[in-house]
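Worksheet: one structure, shown below.
A note on names: the letters A, B, ... follow the listed sequences, proteins ahead of strands, and every chain is numbered from 1.
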Amino acid sequence: MSLVLSRLGNTVKRLTSFSKLCKSKRVFASNEKSKVPQKPTWSHVEENKLTEETLIDNETIDHLERMSLVDFNNQAGIDRLNKAIRFADQLQLVNTTGVEPMDTVLENRSLYLRSDEVTDGNCQNDILQNATKVIEDYFVAPPGNIPLPDQERDYGPASAKKRK
Amino acid sequence: MVGNVFQVAQKLRNGSLIPSEVCSWCIRRSQLAKRLNVFITELPDYAQQLAEKSDERIALGKPLGLLDGIPIAVKDNYCTAGIKTSCASSMLENFYSPYNATVVQKVLDAGASVVGKTNMDEFAMGSGSLDSIYGPVRNPWSRVYARKRQMLTAVTSSAGVAIQQAQSGHGVSLSASQRIPDNYDDSYKSFSMEEDDWLIAGGSSGGSAVAVASGSCFGALSSDTGGSTRVPASYCGVVGYKPTYGLVSRHGLIPLVNSLDTPSMFTRCTDDAAAILATISGIDVMDSTTVQDCSVPFSLPDDASIEGLHIGIPEEYHAPGLSEETLDTWTWVADLFERAGAKVTRVSLPHTQYSIVCYSVLCVCEVASNMARYDGIEYGYRSEQALSTHALYADSRHTGFNDVVRGRILAGNYFLLKRNYDAYFVQAQKVRQLITADFRRAFDAGVDVLLTPTTLTVAPPYKEATQHDNRTMSAQEDVFTQPANMAGLPAVSVPVKLSSQSLPIGLQLMANNFEDKLLLTTAKWLEQQVQFNRLDLVEDSLGLGELVH
C-alpha cells in the first residue's frame, strides 16, 4: 500500500514538475538539476530503538543539586533535564565501535608550552578589588565543613521531593 | 561611499577624515540605535580619547596600522581592564577585570577605538540574545519587516492612504535615498509596532552583530562556540566570521566551552574580517591552544577568483524545518558558483544529524566544569548568607545565575555522573571524532569549501522565538553552525539576499582548518556577486553611510 502511495506521490511530483517546466523552464532546470537537495535528508529517529526514557528520581535530583550547588528551582527545571537527557539518548544510535574519543581539535599537533617560570605578580590589590568581603589581605568565607542543611522542597506532584 | 575599514583608513591617510570624526559618527549611530539594546556599557568618552590619540598619530603620518582610528565594539565576555565585564549576568555585574583579554589588547595596540561592551546571552548561553539581565537585543531589521508587513496589509485592504502614511508618516521610508531623522528614537516608538512585535537578533553575540549592522562601529569582537557569531550575522545581514580554532587567543575570553570557543568577529565586509584577523591572531603564551600558522596574516585579492575551486554541498544540511526561501537561496548560490566555473558537487557528511546532539552534551559538560569557579568569594556576586561556606556558594550561585545557566550546569553534572560518563560524555566525544572525520574525508577528496545555509529561517519574531525554551531553541538555531566548532573549521556567514519579508538571508561557507584565506576569498567572491544591500547605505556629509532601511 505504502509503495503504491509513494509511486502515486512520484507521479504527482512528476506532474507538478512538468507543469513547472511549462510555466518556467529556468526554475525547473535550476532546482531539479541543482546539487542542493530539495527535500529534507535527515533520517527519522525511531524512538523504539532508544533505551527507555529516563525520568530522574528524587535521589538523583538531590545529588545533582548538592554537587552543582544550584537547584532545579521548580518542576519545569526537572522537565528540562529529562528532555535534555532524551535528546542526548539519540547518541546511542551512532555506532562508535573502535572510535577514539576526541578532546580537542588540536590533539594531533604539538602545542607550545612556556617554561615554568613566574611571569607576573605584585597584583594583590587588583585581585582583591573584586571580592565583596576582605579582611586585610584575605578573602573571607563563612565557616567551612558544614554540609548544606536538609531542606524540604516540593517541585510539584510529578516529582514530590522531600529531604529528610 | 559606504564605509568599510579599508575605505575609511584610506580617507584617514589622505586627510579627508580624521579618527575623532569617525568616532563621533559611530557614537551618534549607537545613540540612535539605543532602543535596540546593543550595549551593556557604552564608552563614548573613552572611545573619543583613543580617537584623539589616533588623530595625533595620523597627523604625524605615523599610524599604528590599518585599524588605527577605527571604532570597534567588544562583546561583554572579553575582559577589559578597568571596564566592567559582566557576561550579561548578575554573577559578574560588578566585575572589573584587572587585565585585558589578548584580543582586546591587540586591537588597542593597533590604535582602534573601543566604543562599548556589547549585550549578549548570559555567559553566551543561548542563540537569541534574549537571556541577558540587561534585556534582549533587538534586530535592526525589525522596522523594515514591520513596515513591509504594514504596507502589505495596507495593499491587501486596498487602503492607499495607509501606504502613504507608512511611507512618510514617521520620517523613515523604505527608499534608500532618505536620511535617518534626528527623532529616530521617537519614530521607533510611534511606529505602530506593538511592544513585543520585533525580531530577535540571534545570539549569543547579538549585541556585537547589531553594533555592526547599525553602524555603531566598523567591526565587533564576538565569540562563537556553536554558532554564536554566525547565527546573528545571518539574522542581522552582516558578515560573521569564526576563524580556525587555535588561530586566535582565548586568553581573557570568559570560557563557555574551552574546546569549542573561538574568538570571532562581525564586519561589514569580508576584507575587514581579514584585516581584523590579521590584528588579533597569533600565538599567545597565555593560551596554550594557540598555534602558529604561516597562512596568517593575509589580505584578500582585489578580484577574488573561484577558478578551479571545488565547492561541496553537504546533502545532510537540508534539515527538517529549512525554510523554502533559504533553500532557494542556497540553490541559487550553488548554481551561481557552478555557472561561474567552480566545480560544484554534492558530498555526504553522514554524522551531521547527530552533531547537534553531540554538541548538547559536550557543551553542558564543559559548562558544568567552567561554572564551578563562581562561588562569590574571590569575585562575582556574593549573597548575604553566612551560615556556612557551602550555603554561601549555593545561595550566591542561585541568585547569580539565570535559569538557563543553572539548567546547563545540572545537565552537565548529570552526564558526568560516574554511571553516565561513558554512555553520554565519552560517547559524545567519539561522535565528535566521527563528525570531524566526515569533514576530513570531504576535504581529502578535493573539496575546497563547503556551502550550506547558516540558519533554518530568517530572524524569527520575538513572540515566536520565546515559545520555546533556551535548550530547544539552541537545538534549532545552531543546527548548521556547531559542526564547524566540533572540527575547529573556519566558517563564515555571508549575507546573500533579502527574503520576501525584506529580511536578510545568510549562507555559510566552511573550509579546512587553517584555510582561512581560501574561505574568506571565496566569501569575498560571493559578496561581490550578490551585492547585498546593508543597512548603512546612504552617504552623509562626512562621506559615511547613514542607517536607512
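Among the candidates Arg114(A), Arg109(A), Lys133(A), the residue making the largest number of heavy-atom pairs closer than 4.5 Å to chain B is Arg109(A). Contact tally against chain A (heavy-atom pairs below 4.5 Å) for Leu392(B), Leu489(B), Asn420(B), Val291(B): the top residue is Val291(B). Ranked by non-hydrogen atom pairs under 4.5 Å with chain B, the options Cys123(A), Pro40(A), Ala88(A) are led by Pro40(A). With chain B as the partner, the residue from His63(A), Met67(A), Gln92(A) showing the most heavy-atom pairs under 4.5 Å is Met67(A). The most heavy-atom pairs under 4.5 Å with chain B, out of Val45(A), Asn74(A), Val140(A), Val134(A), come from Val140(A). The residue among Gln353(B), Arg382(B), Gln292(B) with the most heavy atom pairs within less than 4.5 Å of chain A is Gln353(B). Chosen from Leu451(B), Val361(B), Val431(B), the residue pairing most often with chain A at heavy-atom distances under 4.5 Å is Val431(B). Put simply, of Met486(B), His390(B), Gln427(B), Arg408(B), the one with the most heavy-atom pairs under 4.5 Å next to chain A is Gln427(B). Ranked by heavy-atom pairs under 4.5 Å with chain A, the list Tyr414(B), Tyr393(B), Phe425(B), Phe415(B) is led by Tyr414(B). Comparing Ile313(B), Val357(B), Val426(B), Val405(B) by how many heavy-atom pairs each has under 4.5 Å with chain A, the most go to Val357(B). Of the residues considered (Asp126(A), Val70(A), Thr60(A)), Val70(A) shows the highest number of contacts with chain B, using heavy-atom pairs under 4.5 Å. Per-residue heavy-atom pair counts under 4.5 Å with chain B were compared for Pro101(A), Ala76(A), Pro147(A), Ala141(A), and the maximum is reached by Pro101(A).
Note that the OG1 atom of Thr352(B) and the CH2 atom of Trp42(A) stand 8.0 Å from one another [nearest 0.5 Å]. For the atom pair Ser68(A) OG and Met371(B) CE, the distance stands at 12.5 Å (nearest 0.5 Å).
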| Step-by-step side-chain contact (heavy atoms from CB on, under 4.5 Å) determination, Val99(A) to Leu434(B) | CA-CA 8 Å; Val99(A) 177; Leu434(B) 292 170; 3.8 Å; yes

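Salt-bridge formation is detected for the pair Arg80(A)/Asp403(B): a Lys NZ or Arg NE/NH1/NH2 atom is positioned less than 4.0 Å from an Asp or Glu carboxylate oxygen. Under the 4.0 Å criterion applied to side-chain N and carboxylate O atoms, Glu338(B) and Lys35(A) are assigned as salt-bridge partners.
Using a 4.5 Å cut-off between heavy atoms, Phe401(B) contacts chain A through its side chain alone, with no backbone atom that close. Looking at Ser110(A), neither its backbone nor its side chain comes within 4.5 Å of chain B, counting heavy atoms on both sides. Interface remark: Ile283(B) contributes side-chain atoms only to the contact with chain A (heavy atom separation under 4.5 Å). Contact of Ile85(A) with chain B is made through backbone and side chain together, with heavy-atom distances under 4.5 Å. For a residue to count as touching a neighbouring chain, one of its non-hydrogen atoms must lie under 4.5 Å from one of that chain's; by this rule Leu362(B) does not touch chain A. For Ile409(B), the parts lying under 4.5 angstrom from a heavy atom of chain A are both the backbone and the side chain. Using a 4.5 Å cut-off between heavy atoms, Asn94(B) touches chain A through its backbone atoms (N, CA, C, O) alone. For chain B, the nearby part of Thr54(A) is the side chain; its heavy atoms alone come within less than 4.5 Å. Residue contact with chain B, scored on non-hydrogen atoms closer than 4.5 Å, involves the side chain of Gln129(A) exclusively. Only the side chain of Val479(B) has a heavy atom closer than 4.5 Å to any heavy atom of chain A. Using a 4.5 Å cut-off between heavy atoms, Leu106(A) contacts chain B through its side chain alone, with no backbone atom that close. With a 4.5 angstrom heavy-atom cutoff, Ser288(B) touches chain A via backbone and side-chain atoms both. Only the side chain of Thr436(B) comes within contact range of chain A, with at least one heavy atom under 4.5 Å from a heavy atom of that chain. Looking at Leu81(A), the atoms closer than 4.5 Å to chain B (heavy atoms on both sides) all sit in the side chain, from C-beta outward. For Ala334(B), the part sitting under 4.5 Å from any heavy atom of chain A is the side chain, from C-beta outward, and nothing else. Proximity to chain A (any heavy atom under 4.5 Å) is shown, for Val285(B), by both the backbone and the side chain.
Checking Arg432(B) against Thr104(A) by side-chain atom types alone, no donor-acceptor pair falls below 3.5 Å. Asp89(A) and Tyr424(B) form a side-chain donor-acceptor contact under 3.5 Å, judged by distance and modelled atom types alone. Side chains of Gln429(B) and Asp103(A): a donor-acceptor N/O pair is present below 3.5 angstrom, by distance only.
With contacts defined as side-chain heavy-atom distances shorter than 4.5 Å, the pair Lys83(A)/Arg471(B) qualifies. Using a 4.5 Å heavy-atom threshold, the side chains of His398(B) and Leu69(A) count as separate. Between Leu387(B) and Pro142(A), every side-chain heavy-atom pair lies at or beyond the 4.5 Å cut-off.
Cation-pi geometry between Arg406(B) and Phe72(A) is not met: the NZ or CZ atom fails to fall both under 6.0 Å from the ring centre and inside 45° of the normal.
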